[in-house]
Asks: 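Let me begin by handing over the structure; questions about it come next.
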Amino acid sequence: MQNKTSRASTALWASAIILAIVSPLALSNIYWTSVLTRILIYVLMAVSLRTIYLVGEFSLGHVGFMCIGAYTSALLSLKAGLPFALTLPVGGVMAGLVAFSLGYPFMRVKGVYFVVLTLVTSESFRLLAFNWKKLTGGVDGLIGFPGAG
């Protein structure tokens, strides 16, 4: 009988092998590229929730950092004309830098105060994106974004 760690490791390797087989097929079609991209975004969000659980605090701020990374990647593709494959890691690094800069003061707060602080931060990023129409397109979003295809 396998333990939890062994089963999780087996599932991870099986998923990686399936992804390696399916991704060349999916990347040849714009529809499947968008589906695969969306799946990977949801996987990243699930992993972030697991990480937050392991830390022992409940956070609602990771969605705001995802917003920063997504808009950084999209704006670099749209405005600077850089390829998606280059802008995606840059968006992740930018979200990481913002998270790292806010991490020290946020981790000094515990319990319900931490939850409220992360919720306020996430909501502030969302409102900033929705109201900064010149940069983000407001509630309409970015029009003409080339995407991953």
Side-chain angles (χ1 to χ4, degrees), residues 8 11-149:
L12 180 66
W13 280 107
S15 300
I17 291 169
I18 291 170
L19 185 63
I21 292 169
V22 171
S23 53
L25 301 172
L27 294 177
S28 64
N29 183 329
I30 189 70
Y31 171 75
W32 288 110
T33 301
S34 66
V35 169
L36 186 62
T37 303
R38 188 164 298 216
I39 288 170
L40 291 174
I41 288 170
Y42 292 147
V43 166
L44 283 172
M45 289 299 289
V47 168
S48 73
L49 288 172
R50 172 76 175 144
T51 305
I52 290 167
Y53 172 75
L54 290 174
V55 168
E57 292 288 343
F58 183 71
S59 170
L60 300 171
H62 60 284
V63 176
F65 299 118
M66 185 175 129
C67 175
I68 289 173
Y71 270 111
T72 300
S73 176
L75 287 169
L76 286 172
S77 288
L78 189 63
K79 307 279 185 187
L82 296 173
F84 179 76
L86 179 66
T87 64
L88 186 64
V90 172
V93 167
M94 178 61 118
L97 288 173
V98 173
F100 186 73
S101 68
L102 295 175
Y104 180 72
F106 280 23
M107 290 307 291
R108 295 180 58 84
V109 180
K110 300 289 181 204
V112 70
Y113 302 109
F114 180 77
V115 175
V116 170
L117 185 61
T118 58
L119 175 65
V120 166
T121 303
S122 181
E123 186 65 11
S124 298
F125 291 149
R126 185 191 69 82
L127 287 173
L128 183 67
F130 276 15
N131 291 316
W132 198 350
K133 293 181 187 208
K134 278 193 165 183
L135 184 66
T136 65
V139 293
D140 296 329
L142 295 171
I143 301 192
F145 173 64

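Below, each value reflects all heavy atoms present in this structure, side chains not excepted, and no hydrogens, waters or symmetry copies.
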Asks: To the nearest 0.5 angstrom, please state how far the OH atom of Y71 sits from the CE atom of M66.
Replies: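 It comes to 11.0 Å.
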Asks: When you measure from the side chain of S73 to the backbone of G69, do you find a donor-acceptor pair of N or O atoms at a distance under 3.5 Å?
Replies: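 No.
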Asks: Which donor-acceptor pairs under 3.5 Å do side chains of residues 120-128 form with protein atoms, sequence neighbours excluded?
Replies:
{"residue": "T121", "atom": "OG1", "partner": "L117", "partner atom": "O", "Å": "2.8"}
{"residue": "S122", "atom": "OG", "partner": "G64", "partner atom": "N", "Å": "3.3"}
{"residue": "E123", "atom": "OE1", "partner": "R126", "partner atom": "NE", "Å": "3.2"}
{"residue": "E123", "atom": "OE2", "partner": "R126", "partner atom": "NE", "Å": "3.2"}
{"residue": "E123", "atom": "OE2", "partner": "R126", "partner atom": "NH2", "Å": "2.4"}
{"residue": "S124", "atom": "OG", "partner": "V120", "partner atom": "O", "Å": "2.7"}

Asks: Return the set of residues passing side chain to side chain contact (heavy atoms under 4.5 Å, CB included) with I39 (not counting sequence neighbours), or none when no residue passes.
Replies: V35, V43
Asks: Supply the atom-to-atom distance K79 NZ to T87 OG1, rounded to the nearest 0.5 angstrom.
Replies: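 Rounded to the nearest 0.5 Å, the NZ-OG1 separation comes out at 14.5 Å.
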Asks: Minimum heavy-atom separation for A74 and L142, please, with both atom names.
Replies: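 That would be CB-CD1, 3.4 Å.
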Asks: If you look only at pairs with a residue in residues 88-100, which of them pass as a side-chain hydrogen bond (donor to acceptor under 3.5 Å, both in side chains), with sequence neighbours excluded?
Replies: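 Sorted pair list comes back empty.
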Asks: List in chain and number order the residues that pass side chain to side chain donor-acceptor pair (under 3.5 Å) with R38, two or more places apart in sequence or in another chain; answer none if no residue qualifies.
Replies: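 So R38 forms no side chain to side chain donor-acceptor pair (under 3.5 Å) with any residue.
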Asks: Quick one: side-chain hydrogen bond (donor to acceptor under 3.5 Å, both in side chains) pairs with a partner in residues 129-144, sequence neighbours left out?
Replies: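 Passing the test, one end in residues 129-144: no pairs.
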Asks: First locate atom CG of L88, then atom CG of L82, and finally report the distance between them rounded to the nearest 0.5 Å.
Replies: 12.5 Å
Asks: Side-chain donor-acceptor contacts of residues 94-101 below 3.5 Å, not counting sequence neighbours, with atom names and distances?
Replies:
{"residue": "S101", "atom": "OG", "partner": "L97", "partner atom": "O", "Å": "3.4"}
{"residue": "S101", "atom": "OG", "partner": "V98", "partner atom": "O", "Å": "2.8"}

